[in-house]
**Student:** 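First, the structure itself, so that you have it in front of you.
From a predicted model like this one, the values you see are computed outputs, not experimental measurements. All values below were derived from every heavy atom in this structure, side-chain atoms included, with hydrogens, water molecules and symmetry-related copies excluded. Protein chains get the first letters and strands the later ones, always in sequence-line order, with residue 1 at the start of each.
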Amino acid sequence: MKRASGMEGKRARWGWVFVAPGLLFFSLFSWYPIVNAFVTSFTNRKLISLKAPKFVGLQNYVRVLSSEDFWNSARATAVFAVGAFVPLLLLSLLFAALIVSLRGWKRPAQMALYSPAVLSSVVAALIWLVVFDPRGLANQGLNALFGTPGVDRRWLADATMAQVSTIVVYVWKYVGYFTILFVTGMGKIPDAVNEAALIDGAGPFRRFFSITLPLIRPTTVLVSVMILIQCMKTFSTQYLFVQSGAPTGPIEVMTLAIYNTAMRDLAIGRASAMSMLLFAVMLLLSWLQLRASRGGEDAL
Amino acid sequence: MKRIAFALLALAFVAASLSAQAPVVPELKGKTVEITIWTHEDVNRTAIEKRYIDEFTKANPGVKVNYVTYPSGKIKDIVTAGFAAGNGPDIFNLEIFDAYPFLAEGFVAPVDLKASGYKSYKDIEAKYVSGMLAPVVEGGKVYGLPLELTNWALFINRKMFRAAGLDPEKDWPKTWEEVRSVSEKIAKRDGQILLRRGFDFRYPYYLTSVVPMVEQLGGELVSKDGKKVAVGDAAWLKVFEYFRDFGPNGRNLGSPTYTAARKAFDLDKDEIAMSLSGLYQIPRLKAANPAFYDSKEWMVVPFPQWKDAKKVVPNNYYGHYYMVSSQEPKLQQQASWALVSYMLSHGEEYLEQVGIVQPTKALMESAAFKAMPYSDVFAKDLAKAHIVYYGASSTKIDALLKEAFESVMLSGVEPAKALEKLRKSMAEALADE
């Protein structure tokens, strides 16, 4: 192996110096918990116990995978992820295109859309609990709009509607954040490309589908991976809704099931096994998504 | 007359508290000890306990006390996380079914007799009403001292009864069937949206309040030998069906997603006519809505029974016990038990200011207890009640009950299917202990 020398070596050393704090932080707060959870998942460790945990092999994984509740939480997570992914991706793309096409008021529009993302998830869920109250704005607004006085859509008190409600809150909260990412991606498209298309007589739709969309492909991949990962990690809204009386089963997403297994059942070994399974699924889906996007690039 | 006696007693407590003298603990002389207390929020209780702590630290200047309160819905998770991280409090209290796992796992220290001023564990037991210490007695030692033991009865808004054409003195519901029919008469709706409820349950306290409904019909949560769970299909199914009928898919009389019944009751804004709560609700009602409290337009009646009940089972009572961590050094444990004993020596003030009952024989027989409005209703129910189920899995079992009842009430799950799942999950939880 050839050793870097001179200026290059010096640069590399400084590179390590600058990267080291980040690496240390990442190792301490990401890698260590992952490795710890992986090891714990093979033990019968209880969250509060003075006894030393015993190695139980794959017992936690077998139990989790044969549990009806685990598969219900996998279903709830899949429903939520798909239900939130599609509107989040489409709406953030749409809002970004609208913002980019604005002549003025770009900043206020971005700020207005982004502001819910600044709120903590707990505050957001509390706001929506008021909105979803049977006498709240959601029922009043829809009843006024559709001329259906007195209809209770049971936003939190019905299995299907509870799932819809969590999706609505999530899309509302994060659409602004992903819109900003798309706006940044669209901002990188050289003006000359759009101007040339305009001279050639391309209309706004043609320009969006033939120029903008292909050129923001890397951003779209990044955003879609981020949405997917974030959707699979959703927790606060479901947690607060269940605490406020919504039925548990329909919205007991994987993270909530992990939390309940650890904090309520005190079975941290089993909760760790569930976490590792969720981690594996997220890793696999992200890899598939990246691979699919690369395949698409090759085809271009 | 009763109210004058009550006022005189209150004055006597204030006078006594001003001259209170905390004990000097010999073991703490010349030592520096820092104690942390984690407890649930209760403005009235916090005020008097902070005063007791001041008195105690003045008498024992080497002791520093950090008194931290958390919302009652969050404290269980905070205590769990604290102990799991090896950084739990010295003193804590939780509802017994949440606290018991800590005791079972060895995180709770037995009462330090010398520091607490008792001669023996029998001496402690003799101070309390029979059976009240049962959940915290293990191997002849006592592991907690009761801050409160509470049962719930039915609070009634007389005005709302009269507005619905009912006579509250005669028509207050004695049975669950009457709770439903009276609620139907009081309920006001805008289409499907409930604007006024007659009665609503206290969600999600299923172990405390719903299991007694099953037991009235002859069912059991866990059989006496501990081998069977959710015993008595007919009883369980009848209660499941009652919840389905009561909820939004049935007669639409209430639901867990509405404002908590007891909070709405105190406000007296024509939102709810009946709610379940404990004696502690009376000072809270007085603080939240003095005009309503003084109006005497409210009353308390016993916990309802089924028309065809096989036995009388009032609402279960549950306890909050002050416990001390076994994970701290001996001196800290001694200081903690000394402080807990000093605080709890003010049983009558806890009753008068906070409305919580320490089940000592002296307090239950005291003029202070008898002078509390409707204390006789609570005492009569308490005499026939039993403590809420507690065990290493009680927190999980409470969550499983919530899931089962709310799946029937809100998600349209068939009662028989919900019962089957509940039974399977409960059996698994008990097997994991």
**Student:** Between chain B and chain A, which N or O donor and acceptor atoms come closer than 3.5 Å?
**Tutor:**
residue, atom, partner, partner atom, Å
B:Lys76, NZ, A:Met263, O, 2.8
B:Asp77, OD2, A:Tyr259, OH, 2.1
B:Glu105, OE1, A:Ser49, OG, 3.4
B:Glu105, OE2, A:Lys46, NZ, 2.9
B:Gln192, N, A:Gly150, O, 2.6
B:Gln192, OE1, A:Asp152, N, 2.8
B:Asn249, OD1, A:Arg154, NH1, 2.9
B:Asn249, OD1, A:Arg154, NH2, 2.9
B:Lys396, NZ, A:Asp265, OD2, 3.3
B:Lys402, NZ, A:Val242, O, 3.3
B:Lys421, NZ, A:Asp69, OD1, 2.9
B:Asp432, OD1, A:Arg63, NH1, 2.9
B:Asp432, OD2, A:Arg63, NH1, 3.2
B:Asp432, OD2, A:Arg63, NH2, 2.8
B:Asp432, OD2, A:Arg270, NH2, 3.3

**Student:** Is A:Leu266 in contact with chain B via its backbone, its side chain, both, or neither, using a 4.5 Å heavy-atom distance?
**Tutor:** side chain
**Student:** Pick one of side chain, backbone, both or neither for A:Pro250, based on which atoms fall under 4.5 Å of a heavy atom in chain B.
**Tutor:** side chain
**Student:** I'd like to verify something: which residue of A:Gly150, A:Pro149, A:Ala157, A:Pro134 has the highest number of heavy-atom pairs under 4.5 Å with chain B?
**Tutor:** A:Gly150
**Student:** Between A:Leu129, A:Leu156, A:Leu50, which has the largest tally of heavy atom pairs under 4.5 Å with chain B?
**Tutor:** A:Leu50
**Student:** Is the CZ atom of A:Phe235 crowded by more than 12 outside heavy atoms at less than 6.0 Å?
**Tutor:** yes
**Student:** Is it the backbone or the side chain of A:Ala246 that comes under 4.5 Å from a heavy atom of chain B, or both, or neither?
**Tutor:** backbone
**Student:** At a 4.5 Å cut-off on heavy atoms, which part of B:Ala81 comes close to chain A: side chain, backbone, both, or neither?
**Tutor:** both
**Student:** Starting at CZ of B:Phe102, measure out to CD1 of A:Ile48 and round the result to the nearest 0.5 Å.
**Tutor:** 4.0 Å
**Student:** Under a 4.5 Å cutoff for heavy-atom pairs, which residue among B:Ala260, B:Gly106, B:Pro248 has the most contacts with chain A?
**Tutor:** B:Pro248
**Student:** What pairs with A:Phe29 under ring-ring contact (aromatic ring centres under 6.0 Å, His included), at least two apart in sequence or on another chain?
**Tutor:** A:Phe25
**Student:** Is it the side chain or the backbone of B:Leu194 that comes within 4.5 Å of chain A heavy atoms, both, or neither?
**Tutor:** backbone
